[in-house]
Asks: 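Before I ask anything, here is the structure I am working with.
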Amino acid sequence: MPVLIRSFLAGLLAAWFALLPAAQAADNVTVAFFNLRNYLSMSRRDDDGGPAELRPKPEKEIEAVLKVILSIKPDILGVCEMGTREDFEDLAARLKKAGLEFTASHYLEADDDRHLAIYSRFPIAARNTVKNLTYDLNGTAAQVRRGFLDVSVEINPDYRLRLIGAHLKSKRPVPEGEALVRRHEAELLRAHLEEIMDAAPETNLLVFGDFNDTRNEPAISEIRGRRNSATHLEDLPLEDSGGDRWTQYWSTADLYSRFDYFFANKAVRPEVLLDESYVFRAGYWQDASDHRAIVVVLSAENK
């Protein structure tokens, strides 16, 4: 073999091995979910305790939100309690300025002041968000006010991830009973999930959100589905560095609860790197929100 050809092949091989670690690293995808706690304009008091007026989320809180997200460096970020589309674009612009740019996004504007949204570094190949869903509540037609976010993200030509986001009825009491409302919303979410998995069992499905209930409650059992069924979803047991699993703190009652979840179906579960997934922990978390961000890392290769 001529020396010139040998030299060319050796250089080509060296370049290939130099690129290999980067390619391997890119195969791991970090997905985060974060309840931003009112990233919107609402009636608020100022720092001096003056009268409540319509004000945006305080800059101190936004700075803490950015610090959390930039610490995680997610490839895909799902959020809830997002305000207007302008608020949605504001967060993306702030993150980009700080060095974290998302090239695709989806904003679900439903019948509520607090919306679901998602940002992604990968292309969004399909958008199947559902809203205007209704159910019978004691003889009256009621609506799932926040809808269900549903997008499919193309991680690479061989791997597509379908992400479903939800924010169920809050703990704020309503005459009909807030737990009953959440149960109805969970039933509709479950029906949507089963429709997806029945049609295409191979779908890599990851469900995230603030479900406002602990895992022993009927709404969470409804979402998980029957344990031995083909459409069962596994509740991913995420922990922080200290072994704690709580994701929300209610200061009035001094109560720590786990309300935020990732659920994985049977197709995507082998790709979840549970040892690398976690609940975010830092001393400044409460400056950003009353919720902590949760993070799942997965390998984008069908197993």
Asks: Hey, does the side chain of Ser299 reach the backbone of Asn28 with a donor-acceptor pair shorter than 3.5 angstrom?
Replies: no
Asks: Can a salt bridge be assigned to the pair Asp87 and Lys57 using a cut-off of 4.0 Å between side-chain N and carboxylate O?
Replies: no
Asks: If you count every heavy atom of other residues, nucleotides or ligands that lies below 6.0 Å from Asp275 atom CG, does the total exceed 12?
Replies: no
Asks: Salt-bridged, Arg146 to Asp111, with N to O below 4.0 Å?
Replies: no
Asks: Does Glu239, at its CD atom, have more than 12 non-hydrogen atoms belonging to other residues, nucleotides or ligands within less than 6.0 Å?
Replies: yes
Asks: Scan side-chain atoms only and decide if Tyr256 and Asp244 contain a donor-acceptor pair under the 3.5 Å cut-off.
Replies: no
Asks: Quick check on the hydrophobic clustering: are Ile62 and Met42 connected, directly or via other members, by side-chain heavy-atom contacts under 4.5 Å?
Replies: no
Asks: Determine whether the side chains of His106 and Arg127 contain a donor N or O and an acceptor N or O closer than 3.5 Å.
Replies: yes
Asks: The test is side-chain contact (heavy atoms from CB on, under 4.5 Å); show your working for Phe148 and Thr129 and say whether it passes.
Replies: CA-CA 6 Å; Phe148 303 134; Thr129 285; over 6 Å; no
Asks: Kindly assign one of parallel, tilted or perpendicular to the pair Tyr249 and Trp285, based on the angle between their ring planes and the thresholds 30° and 60°.
Replies: perpendicular
Asks: Does the gap between the ring centers of Phe208 and Phe34 come in under 6.0 Å?
Replies: no
Asks: Does the pair Arg44/Glu53 count as a salt bridge with the N-to-O cut at 4.0 Å?
Replies: no
Asks: Can you confirm whether the side chains of Arg190 and Thr231 place a donor and an acceptor under 3.5 Å from each other?
Replies: yes
Asks: Tyr284 ring centre to Lys67 NZ or CZ under 6.0 Å, with the angle to the axis within 45°?
Replies: yes
Asks: Hey, any chance Leu149 and Ile196 share a hydrophobic cluster, counting ILVMFWY side chains that come within less than 4.5 Å of each other, even indirectly?
Replies: no
Asks: Donor-acceptor pair, Tyr39 side chain versus Thr84 backbone, under 3.5 Å?
Replies: no
Asks: Are Leu274 and Leu238 packed together at the side-chain level, in the sense that at least one heavy-atom pair is separated by less than 4.5 angstrom?
Replies: yes
Asks: Pair Asn204, Arg162 - check side-chain hydrogen bond (donor to acceptor under 3.5 Å, both in side chains), show working.
Replies: CA-CA 6 Å; Asn204 296 309; Arg162 191 158 182 174; over 6 Å; no
Asks: Evaluate side-chain contact (heavy atoms from CB on, under 4.5 Å) for Ser71 paired with Phe280, printing each intermediate quantity in order.
Replies: CA-CA 9 Å; Ser71 296; Phe280 181 80; 3.8 Å; yes
Asks: If I compare all heavy atoms of Leu168 with all of Asn212, which pair ends up nearest, and what's the gap?
Replies: O-ND2, 3.0 Å
Asks: Does the side chain of Asp260 come under 3.5 Å of the side chain of Asn35 through a donor N or O and an acceptor N or O?
Replies: no
Asks: Flag yes if Met197 and Leu206 sit in one hydrophobic cluster, no otherwise; membership is Ile, Leu, Val, Met, Phe, Trp, Tyr, and two members link when side-chain heavy atoms are under 4.5 Å apart.
Replies: no
Asks: Using a strict 4.0 Å threshold on nitrogen-to-oxygen distance, state whether Arg94 and Glu59 make a salt bridge.
Replies: yes
Asks: Around atom NZ of Lys171, are there more than 12 heavy atoms of other residues, nucleotides or ligands at under 6.0 Å?
Replies: yes
Asks: Decide, yes or no, whether a salt bridge links Glu154 with Arg160 under the criterion of side-chain N to carboxylate O below 4.0 Å.
Replies: yes
Asks: Under the side-chain contact (heavy atoms from CB on, under 4.5 Å) criterion, do Arg145 and Lys131 qualify, and how do the steps go?
Replies: CA-CA 8 Å; Arg145 295 188 60 190; Lys131 55 183 183 178; over 6 Å; no
Asks: Just wondering, do Phe259 and Phe211 contact through their side chains at under 4.5 Å, heavy atoms?
Replies: no
Asks: Without hydrogens or angle criteria, can the side chains of Tyr159 and Glu271 be said to hold a donor-acceptor pair below 3.5 Å?
Replies: yes
Asks: Evaluate Asp90 against Arg85 for salt bridge (Lys or Arg N to Asp or Glu O under 4.0 Å), listing each step before the verdict.
Replies: CA-CA 8 Å; Asp90 173 73; Arg85 187 172 292 275; over 6 Å; no
Asks: Which residues pass the salt bridge (charged side-chain N to carboxylate O under 4.0 Å, His left out) test with Glu109, sequence neighbours left out?
Replies: none
Asks: Indicate the atoms forming the closest heavy-atom contact of Asp75 with Val29, along with that distance.
Replies: OD2-CA, 3.5 Å
Asks: Could you point out which residue of Asp210, Asp240, Asp287 forms a salt bridge (charged side-chain N to carboxylate O under 4.0 Å, His left out) with Arg292?
Replies: Asp240
Asks: Salt bridge or not for Lys96 and Glu101, using N-O below 4.0 Å?
Replies: yes
Asks: According to salt bridge (charged side-chain N to carboxylate O under 4.0 Å, His left out), who are the partners of Lys266, at least two apart in sequence or on a separate chain?
Replies: none
Asks: Could you walk me through whether His192 and Asp150 pass side-chain contact (heavy atoms from CB on, under 4.5 Å), step by step?
Replies: CA-CA 10 Å; His192 182 65; Asp150 181 347; 2.8 Å; yes
Asks: Atom CG of Asn132 and atom CD of Gln143: how far apart are they, to the nearest 0.5 Å?
Replies: 5.0 Å
Asks: For the residue pair Tyr119 and Leu91, establish whether any side-chain heavy-atom pair is separated by less than 4.5 Å.
Replies: yes
Asks: Counting C-beta onward and ignoring hydrogens, is there a side-chain heavy-atom pair between Val31 and Leu161 closer than 4.5 Å?
Replies: yes
Asks: Nearest 0.5 Å, please: how far is OG in Ser152 from CG in Leu163?
Replies: 8.0 Å
Asks: Working to the nearest 0.5 Å, report the span between CZ of Phe263 and CD1 of Ile223.
Replies: 5.5 Å
Asks: Answer yes when Lys169 and Glu178 have at least one side-chain N-carboxylate O distance shorter than 4.0 Å, and no when they do not.
Replies: no
Asks: Return the CG to CZ distance between Asn156 and Phe122, rounded to the nearest 0.5 Å.
Replies: 8.0 Å
Asks: Within the distance-only criterion (no hydrogens, no angle test), does the side chain of Ser251 pair as donor or acceptor with the backbone N or O of Asp254 below 3.5 angstrom?
Replies: no
Asks: Would Leu116 end up clustered with Val130 when hydrophobic side chains under 4.5 Å apart are linked, directly or stepwise?
Replies: no
Asks: Is any side-chain heavy atom of Leu255 closer than 4.5 Å to one of Trp246?
Replies: no
Asks: Nearest 0.5 angstrom please: Leu233 CG to Arg226 CZ, how far?
Replies: 12.5 Å
Asks: Heavy atoms only: give me the nearest Gly83-His115 pair and the separation to one decimal.
Replies: O-CD2, 2.9 Å
Asks: Rounded at 0.5 Å granularity, tell me how far CD1 in Ile72 sits from CG in Leu77.
Replies: 8.0 Å
Asks: Take atom NZ in Lys97; do more than 12 heavy atoms of anything else shown fall under 6.0 Å from it?
Replies: no
Asks: Less than 4.0 angstrom from a charged side-chain N to a carboxylate O is my criterion; do Arg269 and Glu234 meet it?
Replies: yes
Asks: Is there side-chain contact between Trp250 and Ser257, with at least one heavy-atom pair below 4.5 Å?
Replies: no
Asks: Taking the side chain as everything from C-beta on, heavy atoms only, tell me whether Val268 gets closer than 4.5 Å to Leu205.
Replies: no
Asks: Where is the tightest heavy-atom contact between Ser277 and Val295, given as atom of each residue plus distance?
Replies: CB-O, 3.2 Å
Asks: When you compare the side chain of Val207 with that of Leu193, does any pair of heavy atoms fall below 4.5 Å?
Replies: yes
Asks: Taking all non-hydrogen atoms of both residues, which atom of Phe88 and which atom of Ile118 are closest, and how far apart?
Replies: CE1-O, 4.2 Å
Asks: Write down the atom of Ile76, the atom of Ile155, and the distance for their closest heavy-atom approach.
Replies: CD1-CD1, 4.1 Å
